[in-house]
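In what follows, chains carry the letters A, B, and so on, assigned in the order in which the sequence lines appear, proteins first and then strands, with residues in each chain numbered from 1.
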There are 2 protein chains.
Amino acid sequence: MARWQPYPSERLVLAALDLFEERGYEKTTVMEIAERAGLTKSTFFRHFADKREVLFGGDTMAGLLADWIEMAPEGATALEAVAHALDAVGRQAFTPERREFSFRRRAVIGANPELQEREALKGLALTAAMTEALERRDTPALTACVAAQLGALALKIAYERWSHTLGDSDFGELARRTLRELQTTSEEL
Amino acid sequence: MARWQPYPSERLVLAALDLFEERGYEKTTVMEIAERAGLTKSTFFRHFADKREVLFGGDTMAGLLADWIEMAPEGATALEAVAHALDAVGRQAFTPERREFSFRRRAVIGANPELQEREALKGLALTAAMTEALERRDTPALTACVAAQLGALALKIAYERWSHTLGDSDFGELARRTLRELQTTSEEL
DNA sequence: TCGGTTGATGGGACCAAGTGCCATAACATG
DNA sequence: CATGTTATGGCACTTGGTCCCATCAACCGA
């Protein structure tokens, strides 16, 4: 029998999500998470920087968004580039098999301020990444800032809607529709 | 001689700011902060919920903004109500004598991710408070959301500019001008 | 097949954040 | 002067997080 079972960090994530749902985030210790995953506290902190990060691990999102913004067609406006990126990221990261996990994750985060704090920070990083990517496309600073802000907001709202969906709705389409709504809203201010 | 010196939490805040500047946030312990203020660790946690909160204490901002948004003139648009609130809050909270403190505080926060995380959370709370206040003025949900977002962004940018100012510039005017810039920017998206 | 190297894990000591409880000293009030 | 209230000090305790070292599985070359 192999002593090292495969996918240690995935096991840790699932164990953590289970326990957070059962007893709540605060009443769950890192040792308990590790034990349920068949590992130890030491190993937990080798895979995640801290207890919160176990729910924010696969953190390639900011980079992905930035890449896709830069790869958008030459003539595209700032918002079009953002829409392009949302669509691409939707296909890559928001696959149907991840929807249930996202739903459970959202509920746990919504129940705990400490986790919301981490999520807020990730949101800032996301906006910053998009802003910089737009600026590399020679979008003026303020325009980049506002477009990124609207993009992040659209992402957040779309994520909320998507994770509540029952059928296999396409995240990209949801996000693009949301972004258009936000755009018309901002024009009517 | 009185054993209880006045303004314990103010002393704690200043002691903390000093130490954070000297050795950095992480290398400063709560005990050191308390001792420099002539108090103890126990007392520190009686005044602040945690170590980070010592820099985010006077946290009436969200409430103030919400109040002023609701008190804005009847016929005002969402953005005008926000501008009204920014102006009022500027007079109340961003007084000239607080400018130097704000500058030092900003530098410390900018140097530490843990503090940026807390700031991000406060930012979310601010946006949420403004959104809800706008909705109580019968602003449609999406409009309220976008207007609050722009307001929060304007506040952030204006705060940055203001804390770097040397003269006694008026925060309210700065914020309103910033908000107008953001509005025209968003119209040209 | 064997022995050495590499990388992931286990384990324990350790520090600091944060909680809870209780004693006590200062303040206010009669 | 006696009494109750409030802020503080002090201590024990749990937990998150760091560091270091021993160990064990897997891989690799001879």
Side-chain angles (χ1 to χ4, degrees), chain A residues 1-20 22-57 59 108-109 111-119 121-122, chain B residues 1-20 22-57 59 108-109 111-119 121-122:
Chain A
M1 161 191 161
R3 170 175 171 189
W4 291 356
Q5 299 179 6
Y7 309 117
S9 38
E10 280 76 2
R11 271 156 48 213
L12 285 168
V13 172
L14 292 180
L17 192 58
D18 284 346
L19 287 168
F20 294 165
E22 288 176 20
R23 341 181 176 171
Y25 174 82
E26 313 224 0
K27 291 188 181 172
T28 305
T29 72
V30 171
M31 251 193 55
E32 291 169 337
I33 301 173
E35 277 175 9
R36 174 166 300 203
L39 295 168
T40 64
K41 189 180 140 188
S42 295
T43 306
F44 179 96
F45 284 111
R46 229 172 259 117
H47 285 273
F48 302 102
D50 55 49
K51 186 182 170 188
R52 293 152 228 114
E53 201 66 13
V54 74
L55 288 189
F56 296 89
D59 206 348
V108 170
I109 293 177
N112 186 281
E114 204 170 327
L115 291 172
Q116 290 164 32
E117 206 169 2
R118 177 57 51 87
E119 195 179 37
L121 186 63
K122 299 288 182 183
Chain B
M1 163 190 160
R3 171 171 172 188
W4 291 358
Q5 298 180 6
Y7 308 117
S9 38
E10 281 76 3
R11 271 156 47 214
L12 285 168
V13 172
L14 292 179
L17 192 57
D18 283 348
L19 286 167
F20 293 165
E22 289 175 18
R23 344 182 172 170
Y25 173 81
E26 311 225 358
K27 292 187 180 174
T28 305
T29 72
V30 171
M31 250 193 54
E32 290 169 337
I33 300 173
E35 276 174 11
R36 174 167 300 203
L39 295 168
T40 63
K41 189 180 137 187
S42 295
T43 305
F44 179 96
F45 285 111
R46 228 172 259 117
H47 285 273
F48 301 101
D50 55 48
K51 186 182 170 188
R52 293 151 227 114
E53 201 67 13
V54 73
L55 288 188
F56 297 88
D59 205 348
V108 169
I109 293 177
N112 187 281
E114 205 171 323
L115 292 171
Q116 290 165 31
E117 205 168 3
R118 178 58 50 88
E119 194 179 38
L121 186 63
K122 299 289 182 180

Asker: Whole angstroms only, please: what is the CG-C1' distance between A:Asn112 and D:dG16?
Answerer: 14 Å

Asker: Identify, between A:Val30 and B:Pro8, the residue whose nearest nucleotide on DNA chain D lies closer to the 5' end.
Answerer: B:Pro8

Asker: Tell me what A:Thr28 touches on the nucleic acid: a base, only sugar-phosphate, or nothing, going by heavy atoms under 4.0 Å.
Answerer: sugar-phosphate

Asker: Using whole Å, report how far CD of B:Glu53 lies from P of C:dT19.
Answerer: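 Taking CD of B:Glu53 and P of C:dT19, I get 12 Å after rounding.
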
Asker: Mark yes or no: A:Lys27 above the aromatic ring of A:Phe20, with NZ or CZ under 6.0 Å from the six-membered ring centre and no more than 45 degrees from the axis.
Answerer: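 No cation-pi geometry.
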
Asker: Could you state the atom-to-atom distance from CD of B:Glu10 to C1' of D:dA7 in whole Å?
Answerer: 15 Å

Asker: Does some side-chain heavy atom of A:Arg23 sit less than 4.5 Å from a side-chain heavy atom of A:Glu32?
Answerer: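 In contact.
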
Asker: Any salt bridge between A:Glu117 and B:Lys122, counting N to O under 4.0 Å?
Answerer: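 Here A:Glu117 does not pair with B:Lys122 in a salt bridge, since their nearest N and O are not under 4.0 Å apart.
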
Asker: Within residues 39-47 of chain A, which residues have any heavy atom lying less than 4.0 Å from an atom of DNA chain C?
Answerer: A:Leu39, A:Thr40, A:Ser42, A:Thr43, A:Arg46, A:His47

Asker: Could you tell me whether A:Lys51 sits above the aromatic face of A:Tyr25, with NZ or CZ closer than 6.0 angstrom to the six-membered ring centre and within 45 degrees of the axis?
Answerer: yes

Asker: Hey, is CD on A:Glu53 packed in by over 12 heavy atoms from elsewhere, all under 6.0 Å?
Answerer: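 For A:Glu53, atom CD is crowded (more than 12 foreign heavy atoms under 6.0 Å).
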
Asker: May I have the distance from A:Gln5 (atom CD) to D:dC24 (atom P), rounded to whole angstrom?
Answerer: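 Distance, rounded to whole Å: 18 Å.
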
Asker: What is the distance, to the nearest angstrom, from the OH atom on B:Tyr7 to the C1' atom on D:dA7?
Answerer: 17 Å

Asker: Quick one: pull up CG in B:Leu39 and CZ in B:Arg46 and give me the separation to the nearest 0.5 Å.
Answerer: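 That separation rounds to 10.0 Å.
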
Asker: Calculate the interatomic distance between A:Lys51 atom NZ and D:dG16 atom P; express it in whole Å.
Answerer: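 About 5 Å, once rounded to whole Å.
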
Asker: To the nearest angstrom, how far is B:Glu114 atom CD from D:dT18 atom P?
Answerer: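 Taking CD of B:Glu114 and P of D:dT18, I get 10 Å after rounding.
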
Asker: Nearest-Å distance, NZ (B:Lys27) to C1' (C:dA17)?
Answerer: 18 Å

